[in-house]
A.B. asks: 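I am attaching a structure below and will ask some questions about it afterwards.
For this chain, numbers begin at 1 and follow the sequence in order.
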Amino acid sequence: MRPVIIGMSCGTSYPDPSRLLFLGKSLDYGEQRLSAALARAGALPFLLPVLPDTSLLVALVERVDALVLSGGSDVAPGVYGEAPLRPEWAGDPARDAYEQALLGAALAQGKPVLGVCRGVQLLNAALGGSLYQDIGFQVPGALVHRDAARYDDNEHTVRLHDESWLAPLYGEREILVNSVHHQAIKALAPGLRVRLGPDGIVEAAADERRDIYGVQWHPEWLDPGSPHYDRRATGDPIFAAFIARVRVRAGLA
């Protein structure tokens with residue numbers, strides 16, 4: 001039986017005069033731990049390049065069994081009908097357009113989707129929801145969800161309710177996760193259900209009927225290679241469960 005083929009969205013490094021490698025060129029990239037986590041869970045991951053022809057992006061999605069929307073830059077407020085409250089929160093409209101094309105193709109083709117960090121934000125915004133442009137600025141009393149110095153050592157708990165799609169994956173109802181984001185879901189998109197963190201910030205969303213899932217943390221950084229693996233939730237159950245759903249959807253089970 002062939003392996004599950006997962007298409008991953010990529011980030012773009014735009015031309016930078018201080019970068020000597022590929023001077024003046026744009027580079028598509030993927031984060032290695034995400035690819036490794038998907039492979040470890042039994043999938044064959046492929047990075048989907050940025051292409052200006054949307055029909056080619058649709059064709060790429062036709063050749064994979066599912067789509068993973070990866071982490072990275074901010075989602076532009078224009079996706080959910082707002083203007084940036086500050087210039088530094090303007091996001092990456094080019095990446096948004098690319099990922100919206102991938103997402104639209106995946107949904108039209110009935111392919112499962114998993115969003116990671118930025119990915120769950122893009123999912124929510126593209127499906128009709130909105131985002132907090134900055135948690136610290138817009139949500140009084142919220143936890144610190146991004147600490148540049150600590151990065152993925154910044155952490156908090158998430159409570160898994162019994163009816164959550166995440167609950168069967170862990171032996172505990174409270175898990176410790178990393179937190180490296182400053183934006184978050186505000187108004188929920190139609191069809192999605194959420195799970196909240198201890199301060200009310202959305203930490204996971206799903207439409208299980210359509211096999212659409214998303215988490216606000218980076219489960220790929222909670223694998224056995226993590227220095228805090230022994231006291232934090234492993235990310236592998238999320239990827240393994242997603243791939244199991246993809247197998248069923250693709251007729252590979």
A.B. asks: Please find the pair of heavy atoms, one from P219 and one from F239, that lie closest to each other, and give the distance.
C.D. replies: CG-CZ, 3.6 Å

A.B. asks: Once you round to the nearest 0.5 Å, how far does OH of Y132 lie from CZ of F137?
C.D. replies: 13.0 Å

A.B. asks: Locate the shortest heavy-atom distance separating A101 from T54; write the atom from each residue and the value.
C.D. replies: CB-CG2, 3.9 Å

A.B. asks: Apart from L27 itself, what residues make up its hydrophobic cluster when side-chain heavy atoms of I, L, V, M, F, W and Y under 4.5 Å apart count as a link, directly or indirectly?
C.D. replies: L21, F22

A.B. asks: Less than 4.5 Å apart, any side-chain heavy atom of D92 and any of D74?
C.D. replies: no

A.B. asks: Kindly indicate whether the side chain of V58, heavy atoms from C-beta on, has any atom under 4.5 Å from the side chain of Q109.
C.D. replies: yes

A.B. asks: Before giving the answer on side chain to side chain donor-acceptor pair (under 3.5 Å), spell out for E220 and H218 the whole-Å C-alpha distance, their side-chain angles and the decisive distance to 0.1 Å.
C.D. replies: CA-CA 5 Å; E220 70 274 22; H218 282 266; 2.7 Å; yes

A.B. asks: So, for G129 and A189, which heavy atoms are closest and what is the spacing to 0.1 Å?
C.D. replies: N-CB, 3.6 Å

A.B. asks: Got L57 and L60 here, is their nearest side-chain heavy-atom distance under 4.5 Å?
C.D. replies: yes

A.B. asks: Please name the residue in the list L222, V158, T157 that meets the side-chain contact (heavy atoms from CB on, under 4.5 Å) test with I175.
C.D. replies: V158

A.B. asks: Should the pair R95 and Y14 be classed as cation-pi, given the thresholds of under 6.0 Å to the six-membered ring centre and 45° from the axis?
C.D. replies: no

A.B. asks: Would you mind checking if R245 and E208 are paired as a salt bridge, meaning a charged N to carboxylate O distance below 4.0 Å?
C.D. replies: no

A.B. asks: Please test V120 against V215 for side-chain contact (heavy atoms from CB on, under 4.5 Å), starting from the C-alpha separation and ending with a verdict.
C.D. replies: CA-CA 6 Å; V120 73; V215 292; over 6 Å; no

A.B. asks: Before giving the answer on side-chain contact (heavy atoms from CB on, under 4.5 Å), spell out for L85 and D134 the whole-Å C-alpha distance, their side-chain angles and the decisive distance to 0.1 Å.
C.D. replies: CA-CA 9 Å; L85 297 176; D134 183 83; over 6 Å; no

A.B. asks: Between Q216 and V202, which heavy-atom pair has the shortest distance, and what is it?
C.D. replies: CB-O, 4.0 Å

A.B. asks: Please evaluate residues R146 and N154 with respect to the criterion side-chain contact (heavy atoms from CB on, under 4.5 Å), reporting the C-alpha separation (whole Å), side-chain torsions for both, the decisive distance (0.1 Å), and the verdict.
C.D. replies: CA-CA 7 Å; R146 182 180 178 88; N154 190 50; 5.5 Å; no

A.B. asks: Minimum heavy-atom separation for E203 to W217, with atom names?
C.D. replies: O-CZ3, 3.3 Å

A.B. asks: Fit a plane to each ring of F242 and Y213, take the angle between them on a 0 to 90° scale, and name the class: parallel (under 30°), tilted (30 to 60°) or perpendicular (over 60°).
C.D. replies: perpendicular

A.B. asks: When you compare the side chain of P112 with that of I212, does any pair of heavy atoms fall below 4.5 Å?
C.D. replies: no

A.B. asks: Does the side chain of L127 reach to within under 4.5 Å of the side chain of D207, using non-hydrogen atoms?
C.D. replies: no

A.B. asks: With a 4.0 Å cut-off, would you call R118 and E99 a salt bridge?
C.D. replies: yes

A.B. asks: Going by salt bridge (Lys or Arg N to Asp or Glu O under 4.0 Å), name the residues that satisfy it together with R173, two or more places apart in sequence or in a different chain.
C.D. replies: D162

A.B. asks: Could you give me the CA-CA distance, side-chain angles and deciding distance for S13 and R19, then say whether side chain to side chain donor-acceptor pair (under 3.5 Å) is met?
C.D. replies: CA-CA 10 Å; S13 177; R19 189 184 71 216; 2.8 Å; yes

A.B. asks: What I'd like to find out is whether the side chain of L67 reaches to under 4.5 Å of the side chain of K111, using heavy atoms alone.
C.D. replies: no

A.B. asks: What are the two closest heavy atoms between C117 and V180, and how far apart are they?
C.D. replies: SG-CG2, 4.4 Å

A.B. asks: Could you tell me how the ring of H145 sits relative to the ring of H156: parallel (under 30°), tilted (30 to 60°) or perpendicular (over 60°)?
C.D. replies: perpendicular

A.B. asks: Carefully, step by step, assess N178 and D153 under the rule side-chain contact (heavy atoms from CB on, under 4.5 Å).
C.D. replies: CA-CA 6 Å; N178 55 48; D153 278 333; over 6 Å; no

A.B. asks: Give a yes or no on this: more than 12 heavy atoms of other residues, nucleotides or ligands lie within 6.0 Å of atom CZ of R2.
C.D. replies: yes

A.B. asks: Got more than 12 heavy atoms from elsewhere within 6.0 Å of CD, Q32?
C.D. replies: no

A.B. asks: Would E82 and K186 pass as an ion pair if we require N to O under 4.0 Å?
C.D. replies: yes

A.B. asks: Can you find a side-chain donor-acceptor pair between S9 and S70 that sits under 3.5 Å?
C.D. replies: yes

A.B. asks: Flag the pair I201 / I135 as yes when at least one side-chain heavy-atom distance between them is below 4.5 Å, and no otherwise.
C.D. replies: yes

A.B. asks: With the side chain counted from C-beta on, respond yes when D65 and I6 share a heavy-atom pair under 4.5 Å apart, and no when they do not.
C.D. replies: no

